[in-house]
Number of protein chains: 2
Amino acid sequence: MAFQRTGAARAERPEGSALPLDTILIGDCVAELEKLPAGSVDMVFADPPYNLQLQGALHRPDDSLVDAVTDSWDRFESFSAYDAFTRAWLLAVRRVLKPSGTLWVIGSYHNIFRVGSALQDLGYWILNDVVWRKANPMPNFRGRRFTNAHETLIWAARGADAKGYTFNYEALKAGNEDLQPRSDWLIPICSGAERLKGEDGRKVHPTQKPEALLARVLLSATKPGDVVLDPFFGSGTTGAVARRLGRHFIGVERDRDYAAAANARIAAVTPEAEEALTAAPAKRDAARVAFATVVERGLVAPGARLVDERRRYEAVVRADGTIALGTVIGSIHRIGAVAQGREACNGWTFWHVAEAGRLTPIDAYREIIRAEDRLAG
Amino acid sequence: MAFQRTGAARAERPEGSALPLDTILIGDCVAELEKLPAGSVDMVFADPPYNLQLQGALHRPDDSLVDAVTDSWDRFESFSAYDAFTRAWLLAVRRVLKPSGTLWVIGSYHNIFRVGSALQDLGYWILNDVVWRKANPMPNFRGRRFTNAHETLIWAARGADAKGYTFNYEALKAGNEDLQPRSDWLIPICSGAERLKGEDGRKVHPTQKPEALLARVLLSATKPGDVVLDPFFGSGTTGAVARRLGRHFIGVERDRDYAAAANARIAAVTPEAEEALTAAPAKRDAARVAFATVVERGLVAPGARLVDERRRYEAVVRADGTIALGTVIGSIHRIGAVAQGREACNGWTFWHVAEAGRLTPIDAYREIIRAEDRLAG
DNA sequence: AGCTTGCCTGAATCCTAAT
DNA sequence: AATTAGGATTCAGGCAAGC
């Protein structure tokens with residue numbers, strides 16, 4: 001068994017275990033997993049290829065080229081080839097999981113429906129799907145779709161009858177301002193100093209995941225000393241976070257360059273002090289409210305008249321949250337600017353609803369929306 | 001064809017159409033859809049049922065370690081029935097969709113992975129998956145999982161080569177603080193006065209969707225007067241919102257009680273005023289203007305000098321509407337690209353006329369031509 | 001030092017009418 | 001049907017350079 005070993009994590013190695021703890025196994029994940037003992041792993045985190053099926057090149061509006069994921073490991077002949085690949089690794093993972101073990105998989109709409117169906121077919125029991133909302137996603141440059149601002153994780157037990165899986169509910173709740181942890185997580189993408197760069201200054205791996213995401217997963221569904229297996233180890237985020245949080249890891253990676261980078265990265269990690277291993281508080285939402293939401297929720301009706309404080313200008317509210325000044329249509333800010341012949345305008349304070357002889361700034365309705373949404377932050 | 005008709009929506013019924021507009025068809029959706037003409041519907045919104053057999057499996061006493069093969073085979077049978085049902089309605093829907101039509105489906109982790117896989121298998125092309133984040137979800141009482149705080153929608157075109165689908169990008173952006181719309185939507189669940197109650201005070205339908213959700217869908221992906229089909233009409237949220245927003249609906253529902261409640265609900269809806277609904281003009285829909293026309297009509301004279309904003313490049317206007325950069329001759333776009341060494345360039349915004357010390361983008365002259373042509377009808 | 005400005009980049013299934 | 005060419009299109013954040 002070819003492997004590279006990283007410095008041992010702090011927690012004790014289980015007595016008599018045949019597991020190659022805190023090690024990256026070089027090779028195909030199905031073949032490597034078959035060498036491991038059955039029922040030996042507490043949790044699996046898997047970030048499989050997404051099968052993006054990209055066609056041509058994509059340019060930003062400034063004509064720069066988007067550095068897309070075109071690596072050979074992400075190319076599959078067909079959906080059925082991808083499905084066969086998926087079933088194979090899901091089966092291998094299910095064998096090495098303890099009866100109480102759980103699986104986490106991450107994916108996008110390109111592959112996650114295939115993965116979810118396959119794991120249901122194989123007898124896994126879904127506990128949750130979790131949405132990773134990206135605070136700073138790549139925009140949609142052509143304006144032809146919604147900005148793809150999230151990825152999906154599936155959390156599943158080995159079977160419908162699985163009992164005793166780990167879920168650190170109390171710690172998560174305490175770390176979330178005493179609110180129950182929700183299935184939607186707001187976390188920034190991996191960038192800046194956290195992003196591994198080669199000597200040439202280019203990213204080591206095209207799809208490195210943020211450590212905050214793995215930390216949330218491990219703190220939610222494992223205990224200190226648990227063994228976490230990652231069959232698509234890549235740049236080793238799972239290993240780095242596991243070591244930091246006092247969990248053991250086992251990685252499997254086909255690419256020796258990725259594995260080498262991951263080993264160096266993990267060796268540089270300083271494990272947290274024992275008492276610090278509690279759930280990190282959830283990041284709060286920026287309380288940005290769109291005027292379309294105010295209309296959508298019925299606080300201001302389509303067709304309503306908006307006026308400025310001195311009633312010099314009048315605009316009509318439209319169903320989609322734009323407003324019209326004569327024939328000119330745009331956002332509350334843009335139309336406020338147009339009305340005054342200015343470059344910019346804060347539409348929230350400029351526009352008012354006139355009712356019962358009183359002017360109500362639309363900003364008041366924004367506050368109501370914020371109150372409604374506060375719990376969801 | 002058995003149906004119940006609601007008061008006609010405001011928009012005109014297309015001439016010679018065989019479609020039962022603004023009507024609820026009573027019956028099985030596959031059978032009813034097969035009676036409709038192919039390629040006739042602009043959008044489909046589907047809220048299919050979950051697999052109840054699955055939930056039966058959940059409650060089955062199953063404490064002992066069951067033979068894994070038998071267990072998964074049994075589960076496969078129930079998934080298989082759900083998959084067959086899903087393929088049937090997805091196929092029927094695909095037939096009635098226009099080539100440029102799109103499908104929206106909503107579901108939770110119980111069924112959405114099956115639906116997503118099936119629609120990919122049938123040739124649909126996913127445009128986005130969208131997360132409906134619930135501002136006020138049902139709490140998780142036992143504290144054994146994350147609070148299930150979202151549902152997933154899939155937005156798909158009829159095929160990978162489908163063109164011309166409706167996406168009201170400019171309006172959505174203007175209604176969203178001038179930021180492009182994202183794939184995660186925060187909307188409260190349906191409750192309070194909006195929730196339909198029977199005479200006994202109990203809710204009419206167990207999974208009534210909020211009107212705000214449907215409004216977001218219809219405003220994103222349809223135009224006024226479009227035909228929206230809902231094969232699982234239920235309490236009729238799709239119809240109520242379609243009527244309010246000046247879209248036509250066709251509903252299919254097996255349960256006569258649901259259909260009756262939906263009809264009453266829709267009849268009580270007041271359509272929005274026309275002016276609040278008209279499609280906001282998008283730049284990409286504006287009439288094309290040739291630069292030759294600008295020269296022809298004397299707005300820019302042959303021989304005039306064009307420069308970029310920073311006056312790094314200078315080109316000469318020719319009588320035929322081409323421009324010359326040194327010895328290179330071509331369109332305003334081609335020459336703008338050549339000047340910067342880029343693949344592409346929008347010549348309308350890149351090139352300017354310098355006069356009286358001020359730079360005027362030639363786009364301004366295009367606007368004048370458009371205004372002239374509008375007056376001429 | 002501290003602030004402003006500009007540049008770069010991120011799992012992307014990202015155009016369409018006219019010829 | 002396939003090709004050509006017009007011309008429309010981006011947000012947050014990290015970091016370096018400039019002032």
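Every chain is numbered from 1 and lettered A, B, ... according to where its sequence line falls, protein lines coming before strand lines. All heavy atoms count here, side chains included; hydrogens, waters and symmetry mates do not.
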Does [X] reach a base, just sugar-phosphate, or nothing at all? Heavy atoms under 4.0 Å.
{"X": "A/Ala193", "answer": "sugar-phosphate"}
{"X": "A/Asp67", "answer": "sugar-phosphate"}
{"X": "B/Glu170", "answer": "sugar-phosphate"}

Pairwise [atom1] distance, [M] and [N] [rounded to whole Å]:
{"N": "D/dA17", "M": "C/dA1", "atom1": "P", "value": "16 Å"}
{"N": "D/dG13", "M": "C/dT13", "atom1": "C1'", "value": "26 Å"}
{"N": "C/dC7", "M": "D/dT10", "atom1": "C1'", "value": "14 Å"}

Residue B/Gln180, side-chain heavy atoms: nucleotide from C/dA11, D/dC11, D/dT9 that is nearest: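 Of all the options, the side chain of B/Gln180 is nearest to D/dC11.
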Among D/dA8, C/dA12, D/dT10, which nucleotide has an atom closest to any side-chain atom of A/His110?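 That would be C/dA12.
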Base-pairing mate for C/dC14 - Watson-Crick or G-U, with both contacts under 3.5 Å: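 Check on C/dC14: unpaired, no WC or wobble geometry under 3.5 Å.
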Contact nearer the 5' end of DNA chain D, comparing A/Ser191 with B/Arg366: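 Here B/Arg366 is the residue nearer the 5' end.
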Under 4.0 Å protein heavy-atom contact, by nucleotide of nucleotides 14-19 of chain C - B base, S sugar-phosphate only: BSSS--
For C/dT13, decide between syn and anti, treating a glycosidic angle within 90° of 0 as syn.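 That one's syn.
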Lys/Arg-Asp/Glu bridge criterion (N-O < 4.0 Å) met for B/Asp42, B/Lys98: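 Salt bridge present between B/Asp42 and B/Lys98.
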